[in-house]
Amino acid sequence: MEIIGSIIKGAINLKGALTSEPDHIESQQNILVQLLQTASETEFGKKYDFGNVLKSNDIQKDFADKVPYFDYHQLLDQWWHRVIDGEENITWPGSPDYFALSSGTTGKKSKRIPVTNDMIEAIRKAGIKQVEALSNFDLPASFFEKEIMMLGSSTDLHERDGHLEGEISGISASNIPFWFEGYYKPGKEIAKIDDWDKRVQRIAEKAKQWDIGALSGIPSWMELMLQKVIDYHQVETIHDIWPNLEVYASGGVAFTPYEKSFNNLLQHPITVIDTYLASEGFIAYQERPETDAMKLITDNGIYFEFVPFKPEYINQDGSLKQDAPSLTLSEVKLDQDYVLLMSTVSGAWRYIIGDTIEFANLEKAEIRITGRTKFFLNVVGSQLSVNKMNTALRKIEEKFDVEIPEFTLAATRIDDEFHHHWYLGTESKIDAKTLAHELDEVLKEANKNYRVARDKALKGVKVTTVPTIVFSEWSGAQKKKGGQVKMERVMSEEKFAEWETFCENLIQNNPN
């Protein structure tokens, strides 16, 4: 009998029963007041007159009127370079102990995002909320005695000018509470290995010594790790190694594109729970099994705003135009893509995180990630978001019974005419012209703007298929394997030319 597991499950269920649903709109108003009060004497707070904003009859509106939008580079150039240089009380009281390094999906140079002790505490509280939400899922008591494989970036943080640097998953893992260490795998020694391939090799070697009940990490890298473990032990599925695996906490990107290929690594289905942890904070988590949408964490150190994701509000580089309207949580609607803005206890203000979201449930403040502002393909008026691209590819998968977990594309010119050139990551041998025709038809049927563009400036669609592993090798060559690194879904023509050359060279050098 799983005595410890029964006690833990009982405690979680009791906590869940005693915890009431917060008033999300009121919570957000309170969080904004707390942020403004705490930062009112910082250089940023003085510049934008937080003291007078707090006296306003409509604090949310006055805040939006006085403080401009900031993307990372704007905040860095105007404010965060001083934080990085060690100055105190710039955008948040004191000086941060950590900086989260994030190359994300763009560029080789890492962003350096302040992570304060207040943010560490907010992430810890958000993690507890997510654990408490497990009471809503039908999990046996034995699950709560199993170990958890957290596949993030290295926890071997680098010291620089009196603070520590690393990816947010590494920072979070390095701050796990002592009582959790017995459950945490791959453990501190392996987690410190900086080279991703070496770290995964060690995981594969040790895998049979662990009784893993849950996984946590980005789907693309998690799949590669699981496949490595399976191949190393020459078994059919990961359940041959970890028979008690029951839960996967997916994060970083939408899980749906990976669902089919991920499930092929399992002996039987497991519970998939989506999470939304970014370098800028723990944003949302899936609270209940009847939906794949995630609940915004509205009462824990982050104030959210939402800008309708429309071409007229977005600059070519993915940043927001300063006259774009922002909405509060009380003003948003269903079935509308929004650019997500954050103001946080790490001193980010009206910060454009770069993701687009939609609301699935207004009362519960539940959202889905729909794409990236930089991955919006509108060169010839096609207005394709990542969400629309993913939806189209899921239909292709279903029709041809194939797996296409990875893709990228660009608007390219052939004989001075624009075409959409897609690269699909798949092991399928289906004719590329057949895939191109079907993809084109699906997008025309689902997207009015795309259909209009195809009748005018967008002259055709081209598909090239490559092995899925090419995408992770590209990420490794461009930035670094594992961690928070994600694949670019839409590329510029220049970047796409680099991508094509990389693919050709990789395939020529590895014909099998």
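Start at 1 with the first residue, then count along the sequence. Note that the structure is a prediction, hence the values are computed from the model and not measured.
- A donor-acceptor contact shorter than 3.5 Å links the side chain of Q28 to the backbone of T298.
- Between E397 and R394 there is a salt bridge, since at least one side-chain N of the basic residue sits less than 4.0 Å from a carboxylate O of the acidic one.
- Residue pairs meeting the side-chain hydrogen bond (donor to acceptor under 3.5 Å, both in side chains) criterion with at least one partner in residues 356-369, sequence neighbours excluded, are R288-E366, D292-R368, T356-T370.
- Other residues, nucleotides and ligands place more than 12 heavy atoms under 6.0 Å from the NZ atom of K260.
- Using a 4.0 Å cut-off between a side-chain N of Lys or Arg and a carboxylate O of Asp or Glu, E406 and R489 qualify as a salt bridge.
- A donor-acceptor contact closer than 3.5 angstrom links the side chains of S261 and E223.
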**Message:** With side-chain contact (heavy atoms from CB on, under 4.5 Å) as the criterion, how do Y276 and I297 come out once you've worked through the C-alpha distance, each side chain's angles and the decisive distance to 0.1 Å?
**Reply:** CA-CA 10 Å; Y276 191 0; I297 304 174; over 6 Å; no

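- The two residues F282 and I302 come nearest to each other via the heavy atoms O-CD1, 3.7 Å.
- Other residues, nucleotides and ligands place more than 12 heavy atoms under 6.0 Å from the CD atom of E87.
- For the ring pair (Phe, Tyr, Trp, His ring centres under 6.0 Å) with W80, the qualifying choice from W349, W92, Y351, F99 is Y351, the only one to do so.
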Donor-acceptor contacts, no H, no angles, side chain residues 268-275, under 3.5 Å, sequence neighbours left out:
from : atom 1 : to   : atom 2 : distance (Å)
H268 : NE2    : H239 : NE2    : 3.4
T275 : OG1    : S250 : O      : 2.8

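- With respect to K129 and D299, a salt bridge is recorded, a charged nitrogen being found less than 4.0 Å from a carboxylate O.
- Sorted by first and then second residue, the salt bridge (Lys or Arg N to Asp or Glu O under 4.0 Å) pairs with a member in residues 344-357 read E305-R350, D355-R372; sequence neighbours excluded.
- The local environment of NZ in K333 is sparse, with at most 12 non-hydrogen atoms from other residues, nucleotides or ligands closer than 6.0 Å.
- A salt bridge links E147 with K185: the closest approach of a Lys/Arg side-chain nitrogen to an acidic carboxylate oxygen falls below 4.0 angstrom.
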**Request:** Run the numbers on M119 and I123 for side-chain contact (heavy atoms from CB on, under 4.5 Å), then give the verdict.
**Result:** CA-CA 6 Å; M119 179 56 75; I123 291 173; 4.0 Å; yes

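- Here the options are L245, N244, V247, the test is side chain to side chain contact (heavy atoms under 4.5 Å, CB included), and the partner is F143; only V247 passes.
- For F70 and F44, the ring centers sit closer than 6.0 Å to each other.
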